[in-house]
Amino acid sequence: MLGRLCSRSLLNAAPFAVRRALCAEKLPPRPSSVTMAQKGVRYDGPVVRSGNVLQKACATEGCTKKAISPTDYCSAHGGGKRCAVDGCNKGAQGPTDYCTTHGGGTRCVAEGCNKGAVGPTDYCIAHGGGKRCAADGCNKGAVGSTDYCSAHGG
């Protein structure tokens, strides 16, 4: 009976925890390290699970975030590309060498505006970018995770 429960179709369709419970002796143990096959490198340090993928964990003790390549740290602990302005330790945005404060990332396309664009739009909040207030007739930007601007309870 156990052999039938561990059929390939069940293994592909069932969640990992169910497969592990039903087919413990047939499944390989969970990997404890990340294999970067495309680079031919094996990483034996700490890992974090992101969906079904194991990724290199931040090397800072107690941090559970994933490290940003090619460093061993997450963005909060200095990983990834940093802003090129002297004294700024924020992360660089997109393909630029600067953080949003210093002109990195997507900029508002309104003429004469140098603010950062918000969300999937090409505009800053002042020029209509980002999520808008849900109150009738209001065109201000919504605040935080709410659907309303500060004047309408956001």
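Just so we're clear, the structure is a prediction, and the values are computed from it rather than from any experiment.
By the 4.5 Å heavy-atom criterion applied to side chains, Q93 and T101 are not counted as neighbours. In this structure, V118 and Y123 have side chains that are not in contact, with every pair of non-hydrogen atoms separated by 4.5 Å or more. Using a 4.5 Å cut-off on side-chain heavy atoms (C-beta onward), Y73 and I68 make no contact.
How far CD1 of I125 is from CZ of R132: 5.5 Å, rounded to the nearest 0.5 Å. Atom CZ of residue R82 and atom OG of residue S75 lie 6.5 Å apart, to the nearest 0.5 angstrom. How far SG of C108 is from NE2 of H127: 5.5 Å, rounded to the nearest 0.5 Å. To the nearest 0.5 Å, atoms OG1 (T100) and NE2 (H102) are separated by 10.0 Å. To the nearest 0.5 angstrom, C83 atom SG is 8.0 Å from K90 atom NZ.
Residues R107 and G103 come closest through the heavy atom pair CD-O, 3.6 Å. Pairing each heavy atom of C124 with each of K115, the nearest pair is CB-CB, 3.8 Å. Smallest separation of non-hydrogen atoms from A67 and D72: CB-C, 3.7 Å. When all heavy atoms of C133 and C149 are compared, the pair lying nearest together is SG-N, 3.3 Å.
With a 6.0 Å radius and a threshold of 12 heavy atoms from other residues, nucleotides or ligands, K66 has its NZ atom at or below the threshold.
Judged by distance alone, the side chain of K81 and the main-chain N or O of Y98 form no donor-acceptor pair under 3.5 Å.
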